[in-house]
Each structure stands twice: as C-alpha cells, then as structure tokens.
Amino acid sequence: MFGNKRAHWRKLDNAAKIFPATSNKKDTRVFRFYCELKEPVEGKALQAALDKTMEKYPVFLSVMRKGLFWYYLEKSELKPVVKEESEPPCLNLYIRDRKTLLFQVNYYKTRINFEVFHALTDGTGAIQFLKELVKNYLLIRHEADGLPDVSFTEEDMTLQDQESDGFAKYYKKPKKGSGKKVHSFQLSGARAGYGSLNITEGLVSCRALLGKAKEYGVSMTVFLTAVFLCAIHEEMSRRQRKKPVVLMVPVNLRKYFPSSSMLNFFGWIEPGYLFPEEEYSFGDVVESVKAYFKEELTKDRLGQRMSSLMSLEQNPLLRIAPLEIKNLGMQLGVQLAKDDVTAIFSNLGVVFLPREYVPYIRRFGVFTSTPKIELSMCSFEDDLVLSFASCFQDQNIERNFFRILKGFGLEAELLEDRFPAKKTPEYKGLRFFQWFSFSCIAAACAAVMVNLIFTPSLRWSVYVIGGALSMWLALALGFFKRHNLLKNAVWQMLLLPAVCVIWDLCTGWHGWSVDYVLPAVCMLIQLSMLIITKVQKLPVQEYMIYYILAGLIGLLPALLLALGAAQVVYLSVLCGGISFLMLTGLLIFKSRDMFTELYKKLHF
C-alpha cells in the first residue's frame, strides 16, 4: 500500500472546529451508530475485532489538544477497550484537559455500539468504521462459516486519503452571502436533563415507504421531511404559526465533491414551511419541500455554502485571534443561530454488506445527542430505522410523526428500549467542591454579620471575604484543571502571585508579593512539574509547552528586578537563572521537539 505513514498531528477540518468549542453536558456532540445482531455479542471477540479495525483506521486513535489559535488532533498510543454498556448513551467523550480517545465501542445484549465525538468524523466515516468492525467481529465469531473478508474501501486508499480535508481541497472564494434569516418556531417544555436523552425508535418497511414517496413524486427524504414538519406543526398554537417550522438537514458532500476522507465532510440545507392559520394539505408541504431540495441540492449551491463557512476560517484577522476569543465567538454564534432551525433530520442512507453477512444481522440504527429534537434514519435490507433523540420529556412530536405515517398506511413497529437500567452519572470530587464553595460563602456571610453587629465601625470582614475568595479561586482552578496537572501548575503559577499582588496593593503595598511570593511560587511550580513528569512518565510532547511557559513566566522576577519593581535580589536572580537554564536546556537538548510543539500550538 502507498503512503501509510500517519501524521503525528493534524488540524481540525472546518466543520470540526466548532465542536470542541461548543460541546458541553447539555450538548455533548456525540452520536451513536449501532448494529443489532441476531445473537448475543461476545466481548472478547468484539475486542479482537476492534483491534483489527484500528489497524485499518488508525486516524481514530487521536486525542484533542489545544493550541494558542486552534484546537488540533494529535496521534495517540491509547488503545480502545471494549466494555459492556452501563451508562446512558451519548455522554461526554471529549472532556477538556483530559487526553482520552474521542470514540468508544461497547455492547449490550445483541447490540454493538459505536459512539464518537463529532469533531473526529461524520456519519459517513462512522458507518464505514462500524461496518468494518462488524465484519471483523463476524469473521472471528463465525470463522468456520467461510465468510469472505471483503474490503469496503478502495484498495489503494492511503492514510493521507483518510486524513484529507475536503473543505480545504474544494474551497474557493464565495459569492455574496444571502439575506438575513427569519427566526423559526422553537420547541419548549420540560427537559430531560443530562444523561436522560429520550430515544424513540420505529421500524418501517423501506419498500413500502419508498412506494408511498413515489406516489407524491418525491424521494424518501423529501417525504419524511414533510411528515416531520407536519408532526411539529401539530404542537403549535395559533399564535406560534406566525413563525415557520425549519429543519436542518445535513448533506454528505462526498456525493458532490469526490473524497475518501474519514473526517467531517458535510454541509446542510434548511427546508421549512410557514403553515397557514387555517387548513393546509400535506401535498402543499411536500411540493414546497420538493422545490427547496431541487434548488439547494446542487453542487454550485452546496459549494457556495461550504465556501462561505470556510471564508470565516480563512479571514486573516480571525485566524490570528487567540483561541479563547474564537471560543467565545463560536459559542455566541451558536446561541445566535439556534433560532434559525426548529429541529434536525439526518438521513444516513443505506448500509450495504455482502449477502453472506446478512443472515447474522438484524438491523442498523443511529441517533445523536441534541439540545433540540433530532430524527435520524438509516436502512439495512428492507428495515428502515427511524430514531428520534430528544432533550424534552414529552414525546408528542414522535407520536404525531408515527401517527401520520400510519395514516398513509405505513405501519411502524416501535422498538423496545434496548438500554441498560438508567443510572445517574456520578462525579467524584464534585460534592466536595460544592461543600467547599458553600463553606467559603458561609464564612464570608458569617464574618459580615459579626462585623456589622459587634464592630460596625471596622471593615475587617472585607479581608475575610478576600481570603475566602482567594481560597475558593485556588481550589476551583485545581478542580476544573484536575485532568491535566501540568496545565494546572502553570495556571497556579499565574493565579497565586496575582492574588498576592492584589492583597499587597490592598494593604498598602509592601512589595512582599513580587519580592518573595512570585519567585518562590515560580521555582516551586517548576520543581513540581519536573516531579509530575517523572512520576507520570510523560512523553516530551505532553510536557514541552508547559515547560516553555513555566520558563518564560519564571523570567518575570528578574525582569521586575531590572526595572526596579522588585527589591530582594537573591530570590529574583535565582528564579531568573533557573528559568533561563530551563529554556536553554530545552533549546539545546530538545530543540526539534520544542519547535515542533511551538508550531502545533501556534498554527493558525
């Protein structure tokens, strides 16, 4: 094979850039593809199948890293471990500062589940991975049956093909953008809460549904889009009908722009319908959606949309903005855009496997985490699985949808809940942090009350409040950065002296914060970083950037001494000399790693 040397790190594609910035517990940006077999899944065989699958798709062995301007994915030696499913579906896979793989494979009874963080791949890449995994599993479990070891990709496909960025390849300067969007109808109601994603799945005959769609002269996707719009409309009041119902429909760009990429390469369209206050016909909705699909699903229109998004990334001013500023911008953009669509409808298409494998498989299915309600569908043989994922407690829209299908003579079999018993996710340390936060507030409150009652002429409670706040900030920083001890150390190197400088200023400025605290903290943190690196046996790429930052911060006491802001010579000189030697040692002995890390962190 050609070009099988994998890149040590790679930039995120255009679609992936928004996911690490905006993912959270309410919207984890995780989706699940599953395969349901006709026999219970055997864990050891699935682990062996996963190990074999990783040999073909090593691009999935990546962890998310954070640079100064962008996130990026870095090659990892972590090995995925198959486990029996025990938690709710689509929980967080990307946890900031924790270097973990961005996918997982688990099983429950007859189901093989593949969950993945959307920054790693899209639906097309995920289903390619799952098909390979299922094939390898059946080859191992039914070795005596003589199943053919087929390939689902081109024989000459390289790792560079898998890692190629389709957005960058097909980008061209966009034309003038379209006008302002109209805000769509938004669903409301009691939400299910984290770890309680409502999943409703229905099974429909693919042939029957296709036949009904043909009666209207449209594709299955257009027909179901119209059904979904009508199902949502049934939950609208007369006043709410002043706004259109709009769906986001992802589109696989590989069908229009040839690519073998396993990364994200999708766009989307937004079909909608403004329902009249009085009666309407389903045929009117179908015709409107049909016309919209015909106009928008062209190479030119999709390319224009793709390039308009890429143009933001290519803007030179935005590129040089620090990542934290970009994060705020992307989070704000998501909030502003949330009113553009009412719900999401993803058609992942048909799953094909050789006929020899069909007798072992019952069906494939897919669903995703969502802050709204999302309908996902895929088919295998004649079984079309329609999966609703919703963050809301009520399921009226799902009921309306399947009732409308039944009205067309399309019977839908509602699938039983195939998940383990729900457990409330536990987070060790969170309870302690909550009690500590409450204790700090209680101490400050008690001090204020005692101060006002017994010594109203003094203001000593202000210092108690300041002390409690300082303690809380230090612990909070340690708690939220606990997944990366070196990053935690660098933040503490900045926070502790800063707090002390504020105290020094508030108490009449005696200079102890810059004369003693700053150099002492810098040297202690540098020593602790060396110990952490040794104990955890961290590779060079894990500690390099933090050593550089610690060395640069450690030069600050010497700079303050030179400027006359610090007065104690021996501590400032000692700290500056140690920091200078740290940076010099990195430059002499680890220069290649040093510049590689700087390039990764500073790429824009």
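- Using a cut-off of 4.0 Å between Lys/Arg side-chain N and Asp/Glu carboxylate O, D27 and R29 are scored as salt-bridged.
- Between F31 and F103, the ring center distance fails the sub-6.0 Å criterion.
- Interatomic distance, L147 CG to L139 CG, rounded to the nearest 0.5 Å: 6.0 Å.
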**Request:** Check the pair F223 / F408 against ring-ring contact (aromatic ring centres under 6.0 Å, His included), numbers first and verdict last.
**Result:** CA-CA 11 Å; F223 180 81; F408 286 115; 5.4 Å; yes

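- The pair E36-K109 does not count as a salt bridge, with every side-chain nitrogen at least 4.0 angstrom from each carboxylate oxygen.
- If you check the side chains of N14 and Y171, you find no donor sitting under 3.5 Å from an acceptor.
- In this structure, K11 fails the cation-pi test against Y72, since its NZ or CZ atom is not both closer than 6.0 Å to the six-membered ring centre and inside 45 degrees of the ring normal.
- The aromatic ring centroids of H233 and Y273 lie 6.0 Å or more from each other.
- Between F114 and F129, the ring centre distance stays below 6.0 Å.
- You'll find the side chain of D340 stays beyond 4.5 Å of the side chain of V246, heavy atoms only.
- A side-chain donor-acceptor contact under 3.5 Å links E235 and N400.
- Between R254 and D122 there is a salt bridge, since a side-chain N of the basic residue sits under 4.0 Å from a carboxylate O of the acidic one.
- Ring-centre distance between F19 and Y94: not below the 6.0 Å cut-off.
- Between the side chains of T28 and N92, no donor-acceptor pair of N or O atoms lies under 3.5 Å.
- A donor-acceptor contact closer than 3.5 angstrom is absent between the side chains of H142 and E356.
- Judged by distance alone, the side chains of N113 and R111 never bring a donor and an acceptor atom under 3.5 Å apart.
- Side-chain contact annotation: E374 with S346, donor-acceptor N/O pair under 3.5 Å present.
- The residues K66 and E74 are annotated as not salt-bridged, no charged nitrogen and carboxylate oxygen being separated by less than 4.0 angstrom.
- For D149 and K135, the salt-bridge test passes: some basic side-chain N is under 4.0 Å from an acidic carboxylate O.
- Salt-bridge annotation for R207 and D383: absent, with no side-chain N of the basic residue lying under 4.0 Å from a carboxylate O of the acidic one.
- Q47 and K44 share no side-chain donor-acceptor pair at under 3.5 Å.
- Atom-to-atom distance recorded for D165:CG and L12:CG is 9.5 Å, nearest 0.5 angstrom.
- To the nearest 0.5 Å, atoms CG (L91) and CG (L197) are separated by 9.5 Å.
- Separating the CD atom in E381 from the OG atom in S205 is a distance of 12.0 Å, to the nearest 0.5 Å.
- With 3.5 Å as the limit, one finds a donor-acceptor pair spanning the side chains of K56 and T153.
- Just one residue in the list R241, R403, R399 forms a salt bridge (charged side-chain N to carboxylate O under 4.0 Å, His left out) with E234, and that residue is R403.
- The distance from the CD atom of Q304 to the CD atom of E296 is 9.0 Å, given to the nearest 0.5 Å.
- Only one option out of F401, F367, F345 pairs with F388 in a ring-ring contact (aromatic ring centres under 6.0 Å, His included); it is F401.
- If you look at F265 and F167, their ring centroids are closer than 6.0 Å.
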